[in-house]
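Data block below; observations after.
The chains referred to below are lettered A, B, ... by the order of the sequence lines, with proteins before strands, and numbering in each begins at 1.
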2 protein chains.
Amino acid sequence: MAVKQKGWVPVEGELLPQPDIQDIRLAKVLNALGDPVRMHLFRAFATDDQCDCDCARLGLGHLHKSTVSHHMRVLREAGVTSTRAVGRNRHVALRRADLDARFPGLVEALLAAGAAEEAAEGAER
Amino acid sequence: MAVKQKGWVPVEGELLPQPDIQDIRLAKVLNALGDPVRMHLFRAFATDDQCDCDCARLGLGHLHKSTVSHHMRVLREAGVTSTRAVGRNRHVALRRADLDARFPGLVEALLAAGAAEEAAEGAER
DNA sequence: GGTAAGGTTGGACGTGCGTCAAACAATAGA
DNA sequence: TCTATTGTTTGACGCACGTCCAACCTTACC
């Protein structure tokens, strides 16, 4: 009945709490992306936009669902992603427009860097 | 007399240990730059190249010298900076060429992002 | 209503980080 | 040679992080 008693409970179609554009801190963004798991999610959301949170289909099957939830929260609170509650799922999307507005070119450079590293790793083994 | 007995002791003109270009990890770089102090140093080294390690003149007078030394080590081991022992000083420089070779455009985007954030902060107060 | 599935929360555990203080090494200058 | 300076290393402390587990709340489907 959506009484919203303890902690926080998502409501149909509601956007989970996230910082405003002007409150996005570069240090927080970089700190969020400094973790391999979150960098992986970042890149996944960039290519597969409006990605359903198929925690298993993202190559994170080895992680506990609460761990994934934790990483999602960090990304969202850093202003990197935006999460909407749809049914009992979460639709996660990269806040690319907001990030581009605040830090022009940063997302593109980070994605290119991630791709470059992956390519270099793939070549040497 | 340069006996190099315990731990590690820098020698005249010697380069302190740092990763090779191909061993620079994006996650480590972002993690290093995810700390406000190190982001400050990063930007300082980018503008004031071959910066002498005037720990006080870098706006870090409030930090203990061992703390600054720690941050320097993190940046160096992440592959962000390169440190050379000159007399009893350290000449620290951004490894811009190496970073540009491995992650094209990343340094420029990070510097622009840092400048943009600083400008936004300055405007709202 | 009852049951299963998807996510969040809280606690617990081990590990690492940021900071300082003290001890030390090497150089520069007297 | 003695002393001051510069920076590293080590240890200590508090705190935050990444991970898992257990409990819980919604929503969806019988």
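- In this entry the distance linking NZ of B:Lys65 with P of C:dA26 reads 15 Å, nearest Å.
- Nearest heavy atom pair, residue B:Val107 against residue B:Leu99, reads CG2-CB, 3.6 Å.
- Partner B:Phe103 forms a side-chain contact (heavy atoms from CB on, under 4.5 Å) with one of B:Ile24, B:Asp98, B:Leu110 and no other, that one being B:Ile24.
- Atom NE2 in A:His62 sits roughly 14 Å away from atom P in D:dG18 (whole-Å rounding).
- Dashed line: the shortest gap from a side-chain N or O of A:Arg73 to OP1 or OP2 of C:dG7 is not under 4.0 Å.
- The shortest distance between the side-chain N/O atoms of B:Ser69 and the OP1/OP2 oxygens of D:dT8 is below 4.0 Å.
- Residue B:His64 contributes atom NE2, which lies 13 Å from atom P of D:dT8 at whole-angstrom precision.
- Considering only the side chain of B:Arg38, C:dG18 comes nearest among D:dT19, C:dG18, C:dG7.
- Checked against C:dC20, C:dT19, C:dG7, the side chain of B:His70 finds its nearest nucleotide in C:dT19.
- The listed nucleotides are C:dC20, D:dA22, C:dG18; the one nearest the side chain of A:Ser66 is D:dA22.
- Side chains of A:His91 and A:Arg84: no donor on one and acceptor on the other come within 3.5 Å.
- For the OP1/OP2 pair of D:dT27 and a distance below 4.0 Å, the side-chain nitrogens and oxygens of A:Asn89 include no atom meeting the criterion.
- Separating the CG atom of B:Asp35 from the P atom of D:dC15 is a distance of 18 Å, rounded to the nearest angstrom.
- No side-chain heavy atom of A:Phe42 sits less than 4.5 Å from a side-chain heavy atom of A:Thr81.
- Regarding B:Leu75, its CG atom lies at a distance of 10 Å from the P atom of C:dG18, rounded to whole Å.
- To the nearest angstrom, P of D:dT8 lies 13 Å from CG of B:Leu15.
- At the phosphate of C:dG29, neither OP1 nor OP2 sits under 4.0 Å from any side-chain N or O atom of B:Arg88.
- Contact between the side-chain N/O atoms of B:Thr67 and the OP1/OP2 oxygens of C:dC20 is found at a separation under 4.0 Å.
- Distance, A:Asn31 CG to C:dG16 C1': 13 Å, rounded to whole Å.
- Distance CZ (B:Arg90) to C1' (C:dA28): 14 Å, rounded to an integer number of Å.
- By the 4.0 Å N-to-carboxylate-O rule, B:Glu118 lies close enough to B:Arg43 to be salt-bridged with it.
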